[in-house]
Amino acid sequence: MPKLNTALSDQVNQRLDSIGPSGIRAFDQKVTGIPGLVKLTLGEPGFNTPEHVKEAAVESIRNNDSHYSAQKGTPALRNAISGFLKTRYNLDYDPKAEIVTTIGATEALAASLMAMLNPGDKVIVPTPAFALYVPLITVAGGTPVEVDTSKDNFVLTPQRLKGTLAKEGDAVKAVILTYPNNPTGVEYTEAELQGLADVIATKPIFVIADEIYSELTYGITHHSIAAMIPEQTILVNGLSKSHAMTGYRIGYIAAPADFVKNAAKMHAFLVTAPSNPAQAAATEALTNGLDDPKKMCVQYKKSRDYVIDCLDKLGFETVPPKGAFYIFAKIPAGFTQNSVDFATELAQDGKVGVIPGSAFGPGGEGYIRLSYAASVEDLHAAMTNMKGFMAAKTASASK
């Protein structure tokens with residue numbers, strides 16, 4: 001096995017070297033080997049990809065669709081994305097000039113940030129937030145500005161945004177909004193988005209709208225800030241969550257042509273082009289599978305209500321999520337408030353895997369994130385285990 005020449009040990013990208021692995025993945029890997037563990041850690045849909053979507057991928061393979069795709073994605077898929085955005089959210093994007101198909105929403109975020117940022121540029125990140133935003137901004141040469149929203153019901157208010165913009169000055173290049181949110185499940189209302197759009201419109205900044213969970217909402221209509229300030233919005237979405245296609249790795253960017261020009265260039269440098277069979281599957285999903293997420297949402301809502309009821313009875317504070325498939329639960333008073341310690345003990349002694357809230361930035365400490373996208377059987381087992389764990393801890397504390 002080769003060992004790196006010691007003279008090369010410091011010859012690395014210093015920005016990358018200073019960043020640890022994703023807190024989500026790191027903790028998941030830490031507890032995965034525990035015998036009998038019921039995992040509610042990762043944002044992985046508990047459904048299989050719809051049959052008609054899988055068949056489209058198979059047919060692509062049978063037809064020897066094995067050559068390089070157009071770098072921005074197949075025309076058929078870009079047309080399907082454009083049609084989907086128009087049908088579902090009344091957004092108008094030219095499939096030729098304003099849409100790029102990416103390797104999942106993660107690459108869409110990476111390509112967008114790399115196309116946008118110069119050293120010293122700042123990006124506002126309302127937290128708790130998806131754990132990859134800060135590392136991606138840092139590697140791209142920018143400076144993340146984390147804004148704790150925990151005291152505002154996990155929503156970035158126009159007042160907080162105004163204050164942050166005034167404090168950080170002209171170096172602010174963008175703000176990232178995630179809705180429905182990972183990890184909290186909070187969905188912005190149309191009025192809340194309009195309030196933010198009114199603030200953003202007064203500044204020469206972008207808003208990166210991460211709407212990967214847009215099709216998974218409960219009792220609320222999803223609105224996109226792209227409908228309010230399209231000239232400043234970089235819309236990121238994909239098929240991973242809506243159609244249980246995480247492994248297909250299809251996401252996309254929709255934005256004004258002048259921005260897409262550079263984002264597409266960065267995308268081409270990173271990955272060349274997406275896989276043809278995956279794109280065929282995504283085209284089918286967005287053409288003939290618009291109702292597929294609705295069927296999943298019915299079960300997700302049942303699972304959400306069941307888990308919240310169980311957690312409430314165990315003393316956790318929860319806010320019923322309006323979208324996605326996560327519950328961000330506050331650890332009861334009297335228990336270990338360090339979320340990493342609590343989650344570790346829960347995994348080792350209670351055999352339930354969750355993600356500590358600290359993985360999601362300021363405002364996350366003292367919370368844990370549970371994914372209710374797991375199977376019904378796993379959710380029942382997890383809640384039974386949690387009940388036993390909490391009872392044992394309570395009894396131990398009273399001695």
Side-chain angles (χ1 to χ4, degrees), residues 56 60 65 67-116 173-177 179 190 193-194 197 200-201 204-212 214-215 222-240 242-243 245 248-276 278-290:
S60 169
D65 191 10
H67 301 284
Y68 284 125
S69 162
Q71 289 192 319
K72 290 197 291 186
T74 63
L77 178 51
R78 281 181 282 142
N79 282 328
I81 292 168
S82 178
F84 164 75
L85 293 174
K86 179 65 177 177
T87 299
R88 296 290 286 118
Y89 307 117
N90 198 30
L91 302 175
D92 291 306
Y93 287 101
D94 177 0
K96 293 182 179 179
E98 297 175 340
I99 292 173
V100 183
T101 307
T102 59
I103 309 301
T106 300
E107 194 246 313
L109 290 164
S112 294
L113 289 166
M114 290 181 183
M116 175 198 307
K173 195 70 163 284
V175 56
I176 294 181
L177 290 180
Y179 53 100
E190 186 176 21
L193 285 173
Q194 187 62 62
I200 293 167
I205 62 174
F206 293 101
V207 54
I208 301 175
D210 184 350
E211 301 183 25
I212 189 66
S214 64
E215 291 292 281
H222 178 82
H223 297 276
S224 177
I225 199 169
M228 303 164 189
I229 44 173
E231 66 280 1
Q232 290 174 262
T233 301
I234 300 161
L235 175 61
V236 171
N237 210 323
L239 283 294
S240 290
S242 63
H243 288 78
M245 294 173 63
Y248 286 70
R249 308 310 303 135
I250 294 293
Y252 55 86
I253 301 165
D258 286 343
F259 179 82
V260 165
K261 175 182 171 184
N262 271 345
K265 190 188 303 181
M266 191 69 250
H267 155 76
F269 292 155
L270 287 169
V271 300
T272 300
S275 150
N276 286 315
Q279 290 186 86
T283 302
E284 171 65 18
L286 293 179
T287 304
N288 298 313
L290 295 186

Quick one: are the ring centres of H223 and Y179 less than 6.0 Å apart?
-> no

Taking every non-hydrogen atom, the tightest pair across P274 and A70 | CD-O, 4.4 Å

Residue pair I200 / I205, side-chain heavy-atom distance below 4.5 Å | yes

What residues, two or more places apart in sequence or in another chain, satisfy side-chain hydrogen bond (donor to acceptor under 3.5 Å, both in side chains) together with T106?
-> none

Contact summary for V260 and A97, nearest pair of heavy atoms | CG1-O, 3.3 Å

Roughly how far apart are I99 CD1 and I81 CD1, rounded to 0.5 Å?
-> 5.5 Å

Compare all side-chain heavy atoms of F259 with those of S112 and state whether any distance is below 4.5 angstrom.
-> yes

Under a 4.5 Å cut-off applied to non-hydrogen side-chain atoms, are L286 and L239 in contact?
-> yes

Look at the side chain of T102 and the backbone N and O of G251, then say whether any donor-acceptor pair between them is shorter than 3.5 Å.
-> yes

Any chance you could measure I250, atom CD1, to S275, atom OG, to the nearest 0.5 Å?
-> 6.5 Å

How many angstroms lie between atom CD1 of I253 and atom NE2 of H267, to the nearest 0.5 angstrom?
-> 8.0 Å

State, to 0.1 Å, how close T287 and A80 come at their nearest heavy-atom pair, and which atoms those are.
-> OG1-CB, 3.9 Å

Taking ring-ring contact (aromatic ring centres under 6.0 Å, His included) as the test, write out the residues that go with Y252, two or more places apart.
-> none

With no hydrogens and no angle check, is any side-chain donor or acceptor of T233 less than 3.5 Å from a backbone partner on V207?
-> no

Taking all non-hydrogen atoms of both residues, which atom of E98 and which atom of A257 are closest, and how far apart?
-> CG-N, 3.8 Å

Side-chain heavy-atom pair Q232, P256 within 4.5 angstrom cut-off = no

Contacts of K86 meeting salt bridge (charged side-chain N to carboxylate O under 4.0 Å, His left out) (sequence neighbours excluded), chain-then-number -> D92

Is atom CD of E190 surrounded by more than 12 heavy atoms (other residues, nucleotides or ligands) closer than 6.0 Å?
-> no

Any idea which heavy atoms bring E107 and L270 closest together, and the distance?
-> OE2-CD1, 4.0 Å

List the steps, then state whether salt bridge (Lys or Arg N to Asp or Glu O under 4.0 Å) holds for R88 with E215.
-> CA-CA 9 Å; R88 296 290 286 118; E215 291 292 281; 3.0 Å; yes

Closest approach of A281 to Y248 (non-hydrogen atoms, all atoms of both residues) = CB-CE2, 3.7 Å

Supply the atom-to-atom distance M228 CE to L193 CG, rounded to the nearest 0.5 angstrom.
-> 5.0 Å

Kindly indicate whether the side chain of I208, heavy atoms from C-beta on, has any atom under 4.5 Å from the side chain of L113.
-> yes

Answer whether the closest heavy-atom distance between the side chains of M116 and I234 falls below 4.5 Å.
-> yes

Measure the CZ-OG1 distance between R78 and T101 for me, rounded to the nearest 0.5 Å.
-> 6.5 Å

So CG of L235 and OH of Y89: to nearest 0.5 Å the spacing works out to 9.5 Å

